[in-house]
Amino acid sequence: MPKLKTKKAAAKRFKKTGTGELKRMKAYKSHILTKKSAKRKRNLRKATLTDGTNIKTMKKIMPYI
(Lines give C-alpha, C1' and ligand atoms only; values in the text may rest on other atoms or scores of the structure.)
Protein backbone atom coordinates (compact mmCIF):
# COMPACT_ATOMS: atom_id res chain seq x y z
CA MET A 1 0.00 0.00 0.00
CA PRO A 2 1.44 3.43 -0.88
CA LYS A 3 2.25 6.09 1.65
CA LEU A 4 -0.45 8.66 2.39
CA LYS A 5 0.30 12.31 1.67
CA THR A 6 -0.30 15.00 4.27
CA LYS A 7 -2.18 18.08 3.08
CA LYS A 8 0.48 20.72 3.79
CA ALA A 9 -1.99 23.62 3.99
CA ALA A 10 -3.73 21.89 6.90
CA ALA A 11 -0.49 20.77 8.55
CA LYS A 12 0.67 24.39 8.79
CA ARG A 13 -2.56 25.47 10.49
CA PHE A 14 -3.06 22.76 13.11
CA LYS A 15 -0.91 21.36 15.91
CA LYS A 16 -1.60 18.30 18.00
CA THR A 17 -1.84 18.68 21.79
CA GLY A 18 -0.50 16.19 24.31
CA THR A 19 -3.90 14.53 24.61
CA GLY A 20 -4.24 14.16 20.83
CA GLU A 21 -6.64 17.03 20.18
CA LEU A 22 -6.03 19.55 17.41
CA LYS A 23 -5.22 23.15 18.26
CA ARG A 24 -5.91 26.03 15.86
CA MET A 25 -5.85 29.81 15.79
CA LYS A 26 -9.08 31.77 15.49
CA ALA A 27 -10.19 33.51 12.31
CA TYR A 28 -11.12 37.19 11.65
CA LYS A 29 -7.87 38.68 13.01
CA SER A 30 -6.13 39.65 9.76
CA HIS A 31 -7.77 42.86 8.51
CA ILE A 32 -10.52 45.43 9.18
CA LEU A 33 -9.40 45.65 12.79
CA THR A 34 -10.46 49.26 13.41
CA LYS A 35 -14.13 48.42 13.92
CA LYS A 36 -13.42 45.48 16.22
CA SER A 37 -13.24 46.17 19.94
CA ALA A 38 -10.04 45.61 21.91
CA LYS A 39 -11.75 42.83 23.87
CA ARG A 40 -12.76 41.04 20.68
CA LYS A 41 -9.26 41.30 19.19
CA ARG A 42 -7.71 40.08 22.43
CA ASN A 43 -9.94 37.00 22.43
CA LEU A 44 -9.09 36.27 18.79
CA ARG A 45 -5.39 36.04 19.74
CA LYS A 46 -5.95 32.90 21.77
CA ALA A 47 -5.75 29.42 20.29
CA THR A 48 -8.68 27.04 20.55
CA LEU A 49 -9.40 23.36 19.95
CA THR A 50 -10.87 22.03 16.73
CA ASP A 51 -14.49 20.92 17.03
CA GLY A 52 -15.08 17.20 17.47
CA THR A 53 -17.25 16.99 14.36
CA ASN A 54 -14.19 17.70 12.20
CA ILE A 55 -11.83 15.15 13.75
CA LYS A 56 -12.55 12.37 11.25
CA THR A 57 -11.84 14.67 8.31
CA MET A 58 -8.70 16.07 9.91
CA LYS A 59 -7.26 12.59 10.51
CA LYS A 60 -7.83 11.77 6.86
CA ILE A 61 -6.03 14.85 5.51
CA MET A 62 -3.23 14.70 8.11
CA PRO A 63 -2.57 10.99 8.71
CA TYR A 64 0.82 11.40 10.43
CA ILE A 65 0.14 14.35 12.71
Side-chain angles (χ1 to χ4, degrees):
M1 191 165 155
K3 290 187 206 175
L4 299 170
K5 282 192 172 183
T6 297
K7 299 290 182 275
K8 289 305 199 174
K12 291 170 189 173
R13 287 167 172 79
F14 298 93
K15 298 284 179 246
K16 190 176 256 191
T17 63
T19 55
E21 295 172 304
L22 291 173
K23 192 168 71 166
R24 66 171 177 86
M25 290 307 289
K26 292 182 182 175
Y28 308 110
K29 182 67 172 70
S30 57
H31 58 87
I32 314 175
L33 298 174
T34 52
K35 62 174 80 169
K36 293 172 186 152
S37 68
K39 180 181 178 180
R40 185 172 164 194
K41 289 187 279 190
R42 187 166 58 248
N43 285 329
L44 289 172
R45 267 188 240 146
K46 301 171 186 168
T48 187
L49 296 176
T50 305
D51 192 62
T53 56
N54 298 324
I55 294 296
K56 187 177 177 184
T57 308
M58 300 310 281
K59 288 196 176 184
K60 195 178 285 185
I61 64 175
M62 297 188 298
Y64 302 111
I65 289 185

J.: Carefully, step by step, assess Thr50 and Phe14 under the rule side-chain contact (heavy atoms from CB on, under 4.5 Å).
T.: CA-CA 9 Å; Thr50 305; Phe14 298 93; 3.5 Å; yes

J.: As an exercise, state the distance from CE of Met62 to NZ of Lys12, rounded to the nearest 0.5 Å.
T.: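 Taking CE in Met62 and NZ in Lys12, the distance rounds to 13.0 Å.
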
J.: Is there a side-chain contact (heavy atoms from CB on, under 4.5 Å) between Thr48 and Arg24 once you walk through the steps?
T.: CA-CA 6 Å; Thr48 187; Arg24 66 171 177 86; 3.4 Å; yes

J.: Might you confirm whether atom NZ of Lys26 has over 12 heavy atoms from other residues, nucleotides or ligands at distances under 6.0 Å?
T.: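 Atom NZ in Lys26 is crowded, with more than 12 foreign heavy atoms closer than 6.0 Å.
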
J.: Can any side-chain N or O of Lys7 pair as donor or acceptor with the backbone N or O of Ile61 at less than 3.5 Å?
T.: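 Checking the backbone N and O of Ile61 against the side chain of Lys7, no donor-acceptor pair under 3.5 Å is found.
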
J.: At what distance, to the nearest 0.5 angstrom, does NZ of Lys60 lie from CE of Met58?
T.: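 The distance works out to 12.5 Å.
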
J.: So which heavy atom on Ala27 is nearest to which on Leu44, and how close?
T.: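 That closest heavy-atom pairing would be O-CD2, 3.2 Å.
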
J.: Write down the atom of Lys36, the atom of His31, and the distance for their closest heavy-atom approach.
T.: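 For Lys36 and His31, the tightest heavy-atom pair comes out as NZ-O, 3.3 Å.
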
J.: Quick one: pull up NZ in Lys3 and CE in Met1 and give me the separation to the nearest 0.5 Å.
T.: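 One gets 13.0 Å once the value is rounded to the nearest 0.5 Å.
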
J.: I'd like to check Arg45 versus Lys29 (side-chain heavy atoms, cut-off strictly below 4.5 Å). Are they in contact?
T.: yes

J.: Minimum heavy-atom separation for Tyr28 and Leu33, please, with both atom names.
T.: O-CD2, 4.5 Å

J.: Verify the neighbour count for atom NZ of Lys23: are there more than 12 heavy atoms of other residues, nucleotides or ligands below 6.0 Å?
T.: no

J.: With side-chain contact (heavy atoms from CB on, under 4.5 Å) as the criterion, how do Leu49 and Thr17 come out once you've worked through the C-alpha distance, each side chain's angles and the decisive distance to 0.1 Å?
T.: CA-CA 9 Å; Leu49 296 176; Thr17 63; 4.1 Å; yes

